[in-house]
Peer 1: 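Here it is, the structure, as structure tokens.
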Amino acid sequence: MSSNMMFQKILLMFMSLLVAAWIIGMISHNSTKFWSALNLSISLRNWNTSTNSSYPKTPLSPLKSLTETELRIKGIVEKLDQLIPPRPFTHVNTTTSAAHSRVTILNPQDTYCRGDQLDILLEVRDHLGHRKEYGGDFLRARMSSPALKAGAAGKVTDFNNGTYLVSFTLFWEGQVSLSLLLIHPSEGVSALWRARNQGYDRVIFKGQFVNGTTQVFTECGLTPISSAELCEYLDTRDQEAFYCVRPQHMPCGALTHMTTRNREISYLTVKEQSLFHRSNVGVEMMKHLKHINVSRCNKNENIKEKCQTGMKVPVPGGYTLEGRWITTFCNQTEFNTIKMNDCLKGKLIYLLGDSTLRQWIYYLPKVVKTLKYFDLHGTGVFKTHLLLDAERQIQVQWKKHSYPFITFQLYSVIEEGYIPREIDRIPGDRNTAISITLGQHFRLFPIDIFIRRVISVRNAIERLLLRSPATKVILKTENIREMHTDTERLGDFHGYIQYLTMKDIFKDLNVGVIDAWDMTIAYGTNNVHPPDQVIANQINMFLNYIC
């Protein structure tokens, strides 16, 4: 009886092994089919167009890598929320007053030496003269000597208790004027931050669909804008999305052009809007401070390294003197026409971004006469621009960044590509240089759109530098613009938050930085499109990085 039981156990184990072997074989066979199908789907175009007949609850299904991106976006937004806490107010009298606030020069002197640091203590008070107990005011510090065509930004440190330290480095000798502007009180800053992140609908996108001789416009947007049948334009890797209402009897692929209009909407209360009247924006806080005198004092200057990518840019990163931008962190070459021609020889240069970078491609032919425009048959100022010098093998191309792109003018979306995708198409080598700028067109939307794009750009640059470490990548930050523009949509507070965010995301990456924010404060331009003198110095800084 015992031997029979033993035999049955052995037989049962043998049959179990056979069954297990069969199951493993089937799994292996199906697994091969599964991964083959997955690889096929991955090899398809990353930019997909599809149709959706109902309002989608979640535009995309995040992959594992995207979960990390979403967590990073969430973390950055949380940090910004802590930096800009809610500051509700009941009356304008309780907000920061430039007239009642007090400035005190620390350790005042009759004469200062070039290279010294001048520190000023600011104590902010409200319109009733009461000392404020919290910070968060949006301030702008600048020193200047108009006769010397000199200017530099100051550095503002917020102690979050109603006091600020305003520091100026005295870069040049002569008579120097100091300025500290109250752009917005902390209550206004809080209102702008809340309003910005409250909606995506400040802009109406209108997409043009073309089918033969038929042209139809429908409403589009960065989020699903209707319960009607939608065309979805999705970048599944970077989780970028754009939507249009699908016109009848036309495919989603018939979208050819885009234009935008402002929507008459505000997320500010009437009381909050009063903080942004022209007379309340950019008010001088140091009206009664006299000029200071700066002497040479025979101080030795530190020898600096040649400008190169990867260098940390301090604040301020430079100053203007006789109209020329002079860096504080690296040894800068002044590129005259001859040196510029030598530097550009054999170079492929890609300019990716908005119209502030397009200014470069307008300026370059004024100096490098051999560069000629090549007609790519586009229309309008937002078409792809190309400069060529075939004999010396120079190519300079400007291409706008993709959605969101805000303009009344009709522009083509046929070749539309997000900057990360454009970077992925560039092989790169030691004679290839890329300059990137983002910001102005993102100010009208919640900050997460901007953060996602910047993270994707960084990832694309990392991929580029892996395959081609010798390629030069230069980041141009956004610049200040008109002080009395539509503050809720386009004001510099939004730009400043993006400026800080971009610098933080790109830190520790081997790129060069042209700090256009710092530079345009120094020049005092207050223009979304700075004059040629500023553009020339931006290009000069770019050439210092690539040659």
Side-chain angles (χ1 to χ4, degrees), residues 235 237-238 240 307-311 313 335 340 343-364 368 371 374 376 382-389 393-402 405 415-442 450 453-479 499 502-503 505-516 535 537-547:
D235 185 321
R237 184 193 68 190
D238 295 329
E240 298 280 8
C307 300
Q308 52 192 313
T309 57
M311 284 184 160
V313 181
F335 279 84
M340 189 180 292
C343 175
L344 291 175
K345 187 176 181 180
K347 294 287 193 299
L348 300 178
I349 296 174
Y350 299 88
L351 309 177
L352 305 172
D354 57 33
S355 57
T356 65
L357 201 55
R358 190 185 66 222
Q359 287 183 272
W360 289 19
I361 210 166
Y362 289 162
Y363 180 82
L364 277 169
V368 183
L371 284 172
F374 186 86
L376 294 174
F382 299 112
K383 65 183 179 182
T384 300
H385 289 56
L386 184 64
L387 290 175
L388 291 176
D389 179 345
Q393 300 294 294
I394 304 172
Q395 173 188 297
V396 185
Q397 176 183 285
W398 173 83
K399 196 168 187 180
K400 69 180 182 299
H401 66 69
S402 190
F405 201 85
E415 297 180 358
E416 201 77 2
Y418 293 111
I419 287 180
R421 294 293 177 185
E422 297 293 339
I423 294 172
D424 287 342
R425 296 186 186 108
I426 299 171
D429 59 25
R430 64 184 181 86
N431 284 316
T432 299
I434 303 169
S435 188
I436 301 162
T437 193
L438 287 170
Q440 297 285 347
H441 293 256
F442 289 78
F450 178 77
R453 187 70 51 83
V454 176
I455 290 173
S456 297
V457 169
R458 179 189 167 109
N459 292 341
I461 292 171
E462 288 177 335
R463 291 191 294 271
L464 169 66
L465 295 180
L466 275 176
R467 66 180 179 267
S468 177
T471 303
K472 295 291 194 296
V473 180
I474 316 301
L475 172 69
K476 185 187 83 67
T477 70
E478 64 182 288
N479 48 262
Y499 164 76
M502 190 173 225
K503 289 211 303 181
I505 292 173
F506 276 89
K507 69 182 179 185
D508 303 325
L509 195 61
N510 185 25
V511 299
V513 176
I514 299 172
D515 196 331
I535 301 305
N537 280 279
Q538 290 177 357
I539 292 173
N540 190 77
M541 194 69 215
F542 173 75
L543 298 177
N544 269 272
Y545 280 126
I546 71 172
C547 294

Peer 1: Would you check if the side chain of Ser435 reaches a backbone N or O of Leu351 as a donor-acceptor pair within less than 3.5 Å?
Peer 2: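 Absent.
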Peer 1: Using only atom types and a distance under 3.5 Å, with no angle test, would you say the side chain of Arg421 pairs donor to acceptor with the backbone of Glu416?
Peer 2: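 Not a single qualifying donor-acceptor pair exists.
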Peer 1: What is the distance from atom CD1 of Ile514 to atom CG of Leu475, rounded to the nearest 0.5 Å?
Peer 2: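 Reported value, rounded in 0.5 Å steps: 8.5 Å.
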Peer 1: CG of Asp389 to CD1 of Ile394: how many Å apart, nearest 0.5 Å?
Peer 2: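 The CG atom of Asp389 sits 4.5 Å away from the CD1 atom of Ile394.
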Peer 1: For the backbone of Gly439 and the side chain of His441, can you confirm whether one donor and one acceptor N or O come within less than 3.5 Å of each other?
Peer 2: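 No, because the side chain of His441 does not come within donor-acceptor range (under 3.5 Å) of the backbone of Gly439.
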Peer 1: For Phe506, which of Ile436, Val473, Ile461 qualifies under side chain to side chain contact (heavy atoms under 4.5 Å, CB included)?
Peer 2: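 Going through the options one by one, the only one that passes is Ile461.
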Peer 1: Begin from the C-alpha positions of Arg453 and Phe442 and carry the test side chain to side chain contact (heavy atoms under 4.5 Å, CB included) through to its verdict.
Peer 2: CA-CA 10 Å; Arg453 187 70 51 83; Phe442 289 78; 3.5 Å; yes
Peer 1: Going by heavy atoms in the side chains, are Met541 and Asp515 under 4.5 Å from each other?
Peer 2: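 No, too far: nothing below the 4.5 Å cut-off.
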Peer 1: Minimum heavy-atom separation for Gln440 and Asn479, please, with both atom names.
Peer 2: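 Scanning both residues completely, I find the closest heavy atoms to be NE2-O, 2.9 Å.
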Peer 1: Should Ile539 and Tyr363 count as side-chain neighbours, where that means a heavy-atom distance under 4.5 Å?
Peer 2: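 Yes; the side chains approach each other to less than 4.5 Å.
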Peer 1: Is the side chain of Asp354 donor-acceptor paired with the backbone N or O of Thr356 at a distance under 3.5 Å, no angle test?
Peer 2: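 Side chain of Asp354 to backbone of Thr356: a pair is present.
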Peer 1: Using the side chain to side chain contact (heavy atoms under 4.5 Å, CB included) rule, take Ile535 and Tyr362 through it: C-alpha gap first, then chi angles, then the decisive distance, then the call.
Peer 2: CA-CA 10 Å; Ile535 301 305; Tyr362 289 162; over 6 Å; no
Peer 1: Going through the checks in order, is the side chain to side chain contact (heavy atoms under 4.5 Å, CB included) test met by Val457 and Ile505?
Peer 2: CA-CA 10 Å; Val457 169; Ile505 292 173; over 6 Å; no
Peer 1: Looking at Lys472, is its backbone amide N or carbonyl O close enough to the side chain of Thr309 to form a donor-acceptor pair, meaning the two atoms are under 3.5 Å apart?
Peer 2: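 No; zero donor-acceptor contacts below 3.5 Å.
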Peer 1: Which atoms form the tightest heavy-atom contact between Gly428 and Leu464, and what is the distance?
Peer 2: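 Scanning both residues, the minimum pair turns out to be CA-CD1, 4.3 Å.
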Peer 1: Kindly compute the distance separating CG (Asn510) from CD (Gln308), expressed to the nearest 0.5 Å.
Peer 2: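 Rounded to the nearest 0.5 Å, the CG-CD separation comes out at 8.5 Å.
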Peer 1: Look only at the side chain of Tyr545 and the backbone of Val513, and say whether a donor-acceptor pair between them is shorter than 3.5 Å.
Peer 2: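 Yes, Tyr545 side chain to Val513 backbone: donor-acceptor pair under 3.5 Å.
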Peer 1: Specify the closest pair of heavy atoms between Ser355 and Trp398, including all atoms of both residues, with the distance to one decimal.
Peer 2: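 What the structure gives for the nearest pair is N-CZ2, 4.4 Å.
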Peer 1: Compare every heavy atom of Tyr499 with every heavy atom of Glu478, then report the nearest pair and how far apart it is.
Peer 2: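 Distance-wise, the nearest heavy atoms are OE2-N, 4.4 Å.
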Peer 1: Say whether, by atom type as modelled, one donor and one acceptor occur between the side chain of Glu415 and the main chain of Lys383 under 3.5 angstrom.
Peer 2: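 Not confirmed, Glu415 side chain does not pair with Lys383 backbone.
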Peer 1: Of all heavy-atom pairs between Thr471 and Leu465, which one has the smallest distance, and what is that distance?
Peer 2: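 That closest heavy-atom pairing would be O-CD2, 3.6 Å.
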Peer 1: Who pairs with Asn540 by side chain to side chain contact (heavy atoms under 4.5 Å, CB included), at least two apart in sequence or on another chain?
Peer 2: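 So Asn540 forms a side chain to side chain contact (heavy atoms under 4.5 Å, CB included) with Gln332, Glu334, Phe335, Asn544.
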Peer 1: Contact between Leu344 and Leu543 at the side-chain level, heavy atoms closer than 4.5 Å - yes or no?
Peer 2: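 Answer yes - side chains close enough.
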Peer 1: Is it true that atom CZ of Arg463 has more than 12 heavy atoms of other residues, nucleotides or ligands lying nearer than 6.0 Å?
Peer 2: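 Check passes, neighbour count above 12.
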Peer 1: Looking at side-chain heavy atoms only, is the closest gap between Leu386 and Thr384 below 4.5 Å?
Peer 2: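 No, their side chains stay 4.5 Å or more apart.
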Peer 1: What pair of heavy atoms forms the shortest contact from Ser468 to Pro427, and how long is it?
Peer 2: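 Nearest pair, atom of Ser468 first, then Pro427: CB-O, 3.6 Å.
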Peer 1: Out of Ile419, Leu352, Leu357, which residue meets the side chain to side chain contact (heavy atoms under 4.5 Å, CB included) rule with His401?
Peer 2: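 Only one of Ile419, Leu352, Leu357 forms a side chain to side chain contact (heavy atoms under 4.5 Å, CB included) with His401, namely Ile419.
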Peer 1: Output yes when a side-chain donor or acceptor of Lys347 lies under 3.5 Å from a complementary backbone atom of Ile546, and no otherwise.
Peer 2: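 No: the side chain of Lys347 does not pair with the backbone of Ile546.
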Peer 1: Output the distance between atom CD (Gln397) and atom CD1 (Ile434), rounded to the nearest 0.5 Å.
Peer 2: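 It comes to 11.0 Å.
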Peer 1: Between Asn459 and Ser456, is there a side-chain donor-acceptor contact under 3.5 Å, judged purely by atom types and distance?
Peer 2: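 Not at all, the side chains of Ser456 and Asn459 share no donor-acceptor pair under 3.5 Å.
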Peer 1: Would you indicate whether the side-chain heavy atoms of Leu348 and Ile426 approach each other to under 4.5 Å?
Peer 2: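 The answer is no, as the side chains (C-beta and beyond) never meet within the 4.5 Å cut-off.
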Peer 1: Output the distance between atom CG (Asp235) and atom CD (Glu240), rounded to the nearest 0.5 Å.
Peer 2: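 CD of Glu240 is found 6.5 Å from CG of Asp235.
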Peer 1: Could you check Phe542 against Gln538 for side chain to side chain contact (heavy atoms under 4.5 Å, CB included), going step by step and ending with a plain yes or no?
Peer 2: CA-CA 6 Å; Phe542 173 75; Gln538 290 177 357; over 6 Å; no
Peer 1: Can you measure from NZ (Lys399) to CZ (Phe382) and round to the nearest 0.5 angstrom?
Peer 2: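 Atom-to-atom, Lys399:NZ and Phe382:CZ are 15.5 Å apart.
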